[in-house]
Number of protein chains: 2
Amino acid sequence: MSEVSGQEPAASERIAAILRDEILSGKIAPGQRILQEEVAERLGSSRLPVREAIRILDADGLLEVEANKGARVPYLDINQVEVLYRMRERLEPLALIESMPALTEADFERLDEIQVRIEAGVDVQAFLELDREFHLLTYSHCPTEQLRDSVTRLWNSTSHYRRAFMEITGARRMWIVNAEHRLLLEALARQDSQDAERYLVGHIQRTRKELSQHPEIFTH
Amino acid sequence: MSEVSGQEPAASERIAAILRDEILSGKIAPGQRILQEEVAERLGSSRLPVREAIRILDADGLLEVEANKGARVPYLDINQVEVLYRMRERLEPLALIESMPALTEADFERLDEIQVRIEAGVDVQAFLELDREFHLLTYSHCPTEQLRDSVTRLWNSTSHYRRAFMEITGARRMWIVNAEHRLLLEALARQDSQDAERYLVGHIQRTRKELSQHPEIFTH
DNA sequence: TCGCTCGGGTTTGGATCCATAATTTAGTGC
DNA sequence: GCACTAAATTATGGATCCAAACCCGAGCGA
């Protein structure tokens, strides 16, 4: 994650990117094991760059590695996800405040475009991708890479449960998300860090509370 | 970092542990490059486990890796370290609250022993190691591995600057550290999460403010 | 029938060799 | 003498082969 990537993506980076997509999109589910040889053959390389890719994804919080036993997408229980959300509640406002002053006109246009699309109504997968882009874009100018990476890790490791939640609840309470996003955008446009932090924390907190009312998501 | 380590430490883990010590103790300084071959020869292995170890340390926040250019201990500027401290101020109280209820009698004895040693007066290197053990031990029962790892990463990547600070200021204001540690311990013994959080945040905040008054630490 | 042990097969971990990219140095032309 | 170029050196990235650890099932015995 911390790679600056010279200019050409190394094979291990390329493989890591593909696996990352497959995990985030749910094609590879929690509990599922990653077989080095299978991945190597499927992506046309030797096992070595796959091993490096697995380390990269481990650092991204997408895989857990156990010595001599391989890598798998971790199962999380409801308590762990709760704590991950509490971490988000504390870290993301910091990233937002650090990033807000540097947001450009182009960023605001893109944020508005994303929000318009979400409001137009999209399926679960599209919503998850747009929502992720929306929030990570608001943090993108945070100058501290460690903070950006930490936030990204938190989004990564909770993505599966966000999807499961959306698939259960459907679009019923989507108007709340939209209202929160709009309020956040408006505060950002005013460069009001207090309001922005308030709306962001509320947004994450509400999601955590709703999520914890669906323990069935975590039975496996 | 997330390795559960079956029973026998894999070579890559062993090498990572050695390099981690060398970086944390300052034997390898920020800016210094890690040559795979040199490490491999020095530790009696091939380059391959060294490559894995480098990935592990990258995930630990101790190295930065650039494609085709190798790994080095990152330089941080004063602003980055400030943000890392603000991250600590937000994350460590969470880890502490999650861990506090599970602290055992043996933990408290060890914490007291550490604090007694610090008060007896030790050199910089010993203080850094004891202080690290002290705080990480108070978080050690936090059930969420991601949170423990995040906190450890923050300690890792700021360790060099903590040492530089201590070497400049010496033992002059050590009584403040001791008072803060004692108040924290007492609050933990009472299972008073409010007080514990208050003292911990104050402790980290004060360090951040004192550190930011020594910008000369960050000139390289 | 249940549990234990001892295989065979599968999968990960490590070593060596080769390819490729970056850096440095020597050379050449102006 | 300086700047640009090209070749040699150095270091990282990748492929293949071999070793060691783990997993699963068959067979044996209580």
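Reminder, nothing fancy here: chain letters follow the sequence lines and each chain counts from 1.
Considering only residues two or more places apart in sequence or on other chains, D77(B) meets the salt bridge (charged side-chain N to carboxylate O under 4.0 Å, His left out) condition with none of them.
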Using Watson-Crick and G-U wobble pairs whose two distances are both under 3.5 Å, how do you write the pairing of DNA chain D as dot-bracket, with | for links to another strand? ||||||||||||||||||||||||||||||
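With distances taken from any side-chain atom of S46(B) to the nucleotides dG14(D), dA15(C), dT12(C), the minimum falls on dA15(C). Minimum atom distance to the side chain of A10(B) is reached by dG14(C), of the listed dG14(C), dG14(D), dT12(D). Closest to the L48(B) side chain, of the nucleotides dA11(D), dT11(C), dT16(C), is dT16(C).
With 3.5 Å as the limit, one finds a donor-acceptor pair spanning the side chains of R153(A) and S150(A). Neither side chain, E210(B) nor T169(B), offers a donor N or O lying under 3.5 Å from an acceptor on the other. Side-chain atoms of T152(B) and D149(B) include no donor-acceptor pair closer than 3.5 Å. Judged purely by distance below 3.5 Å, without hydrogens or angles, the side chains of E98(B) and T144(B) never pair a donor atom with an acceptor atom.
Cation-pi geometry between R162(B) and F165(B) is not met at under 6.0 angstrom from the ring centre and within 45 degrees of the axis.
Note on I54(B): nothing from the nucleic acid sits closer than 4.0 angstrom, heavy atoms only. Note on I15(B): nothing from the nucleic acid sits closer than 4.0 angstrom, heavy atoms only.
Computed from coordinates, the E52(A) CD to dG13(C) P distance equals 13 Å when rounded to whole Å.
Note on K69(A): every side-chain N or O is 4.0 Å or more away from OP1 and OP2 of dG13(C). Checking the phosphate oxygens (OP1, OP2) of dG13(C), a side-chain nitrogen or oxygen of Q36(A) falls inside 4.0 Å.
Atom CZ of R117(B) has 12 or fewer neighbouring heavy atoms from other residues, nucleotides or ligands inside a 6.0 Å radius.
Between the side chain of R51(B) and the base of dG14(D), a donor-acceptor pair under 3.5 Å is found. Between the side chain of R47(B) and the base of dG13(D), a donor-acceptor pair under 3.5 Å is found.
In terms of position on DNA chain D, the residue among P49(A) and I34(B) whose nearest nucleotide sits closer to the 5' end is I34(B).
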